[in-house]
Number of protein chains: 2
Amino acid sequence: MQRQWQKQMKKDSSTEEKIRQAARQVFLAKGFAGCTSREIAEVAGENVALVNYYFRSKGQLYKLIFEDALEDFVNSMVVVFGSDKSLKEKMTIFIEKEYAFLAKHPEIPAFLLNEMNREDGCSIHSNVHFEKIAATGVFEQCIKAQQEGSMRPIDLRSIPLLIMSNCHYPIMAKNLIMHLQGMNDNEYEENLKQHREHVSQMLVNYLFPEK
Amino acid sequence: MQRQWQKQMKKDSSTEEKIRQAARQVFLAKGFAGCTSREIAEVAGENVALVNYYFRSKGQLYKLIFEDALEDFVNSMVVVFGSDKSLKEKMTIFIEKEYAFLAKHPEIPAFLLNEMNREDGCSIHSNVHFEKIAATGVFEQCIKAQQEGSMRPIDLRSIPLLIMSNCHYPIMAKNLIMHLQGMNDNEYEENLKQHREHVSQMLVNYLFPEK
DNA sequence: ACCTGTTTTAAACAACCATTTAAAATGCTT
DNA sequence: AAGCATTTTAAATGGTTGTTTAAAACAGGT
């Protein structure tokens with residue numbers, strides 16, 4: 001007996017959803033081993049047993065959150081690459097959007113990265129994410145640009161790495177750099193704006209050399 | 001009653017040192033919350049109680065390892081900056097050495113970074129590390145180069161960030177990138193060599209523009 | 001009001017955690 | 001060989017972990 005209005009309710013404010021959101025918040029902040037089921041339930045304002053009632057186990061819930069975060073992460077790329085701009089424009093826009101996205105979700109890169117390094121971690125068992133990016137045709141666009149000579153002829157696999165390095169690291173390493181350089185939060189955020197411009201210029205200059 | 005030869009012994013193969021090394025290995029691989037005292041003792045091949053006997057607590061031992069790793073990390077920078085080469089040369093050499101260092105200690109960047117993001121984590125309570133780098137005079141060298149026009153006049157705090165982003169991220173994100181792009185270990189390592197060249201060229205081109 | 005399936009609760013569970021204890025083993029000095 | 005401090009051990013401590021249980025509360029249909 002399916003009651004549609006109940007299913008709808010689930011996606012909004014049900015206990016299940018409250019726990020899911022609490023789990024996302026806590027897992028992203030502290031990682032799998034760094035938190036407890038009880039902590040998640042507490043943040044959700046619900047009983048501990050409900051975590052297992054709705055999600056069977058802490059690990060199962062974690063997998064769900066991981067896939068969720070990975071999807072957000074990949075989607076934030078796909079949007080830009082799927083447009084019909086030139087490669088140079090796409091990259092400039094992407095860097096802009098990526099910095100904006102990471103300002104809202106600063107924990108995602110480190111979360112995914114750590115999870116992939118965890119032994120027995122949630123390895124990525126399908127290439128659906130890669131295909132999503134490939135489906136935008138951005139790789140063909142690169143090959144064409146390289147043939148035309150407008151783009152530096154480098155291994156295509158190095159390009160995402162160059163971009164991600166310069167977008168993700170400054171967010172992930174905020175606390176490390178801040179402390180090492182004796183800055184405070186405001187100073188760092190201010191510096192980040194300048195830094196974004198340098199990253200943008202540097203990458204464009206390198207990948208699309210003039211002459 | 002201090003027995004000097006015993007103190008010497010401690011630094012080599014004593015139980016204390018065995019535990020310290022085991023702790024370093026395990027902490028770097030799994031983080032503080034991701035492992036147990038028993039696991040460390042097991043790797044060291046010693047009794048669990050000895051962890052507390054020699055280091056009082058898991059947290060105390062962790063702090064020791066953290067400082068240790070941070071020092072290695074900073075030292076790997078100081079060596080290069082302290083030489084009497086030109087800035088451009090220093091940077092090229094540094095990137096080379098950093099990639100080599102990280103090939104041997106790939107877990108260090110993520111370890112330090114995560115620790116700095118951990119609530120109640122080992123924040124850096126002294127600026128001795130920063131001063132070690134400053135003492136090489138590399139910052140003055142930068143200012144002079146910027147005044148001469150041989151170096152792009154950007155905020156000095158952005159320069160370490162640019163370099164570290166492009167040196168550390170490709171190591172830290174190995175598993176993530178590998179899985180997303182469907183590569184294997186050998187392919188990634190191969191790609192990394194090319195990538196290092198791009199990083200080197202790109203940074204030099206940007207920071208020391210010709211004309 | 002009663003039945004029925006779902007949701008929530010407090011309590012209990014065994015397993016494991018970091019740490020402590022007290023006794024045993026070890027090695028050096030005399 | 002005896003004495004002594006240091007080192008190592010097995011066992012126990014109290015607390016916390018993820019998960020299960022069984023009963024209670026709640027809902028809608030009849």
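Sequence lines set the chain letters: A, B, ... in the order given, protein chains first and strands last, and positions in each chain run from 1. Quick caveat: nothing in here was measured; it's all calculated off a predicted structure.
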What string of B, S and - do you get for nucleotides 8-21 of chain C 5' to 3' if you count protein non-hydrogen atoms under 4.0 Å?
BBB-B----BBBB-
List in chain and number order the residues that pass salt bridge (Lys or Arg N to Asp or Glu O under 4.0 Å) with A:Glu119, two or more places apart in sequence or in another chain; answer none if no residue qualifies.
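Salt bridge (Lys or Arg N to Asp or Glu O under 4.0 Å) list for A:Glu119, sorted by chain: B:Lys30.
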Ring-face cation contact, B:Phe55 with B:Arg20, 6.0 Å cut, 45° max:
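No, cation not above the ring by the 6.0 Å, 45° rule.
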Lys/Arg cation over aromatic A:Phe81: A:Lys90, 6.0 Å, 45° cone:
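Because its charged atom misses either the 6.0 Å distance or the 45° angle limit, A:Lys90 does not stack over A:Phe81.
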For A:Phe55 and C:dT7, give me the distance from atom CZ to atom C1', rounded to whole Å.
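The distance from CZ of A:Phe55 to C1' of C:dT7 comes to 14 Å, rounded to the nearest Å.
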A:Asn117 and B:Lys174: side chain donor to acceptor below 3.5 Å
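Side chains of A:Asn117 and B:Lys174: no pair found under 3.5 Å.
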Below 4.0 angstrom, N of the basic side chain to O of the carboxylate: do B:Asp72 and B:Lys104 qualify?
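Salt bridge between B:Asp72 and B:Lys104, a charged N being under 4.0 Å from a carboxylate O: no.
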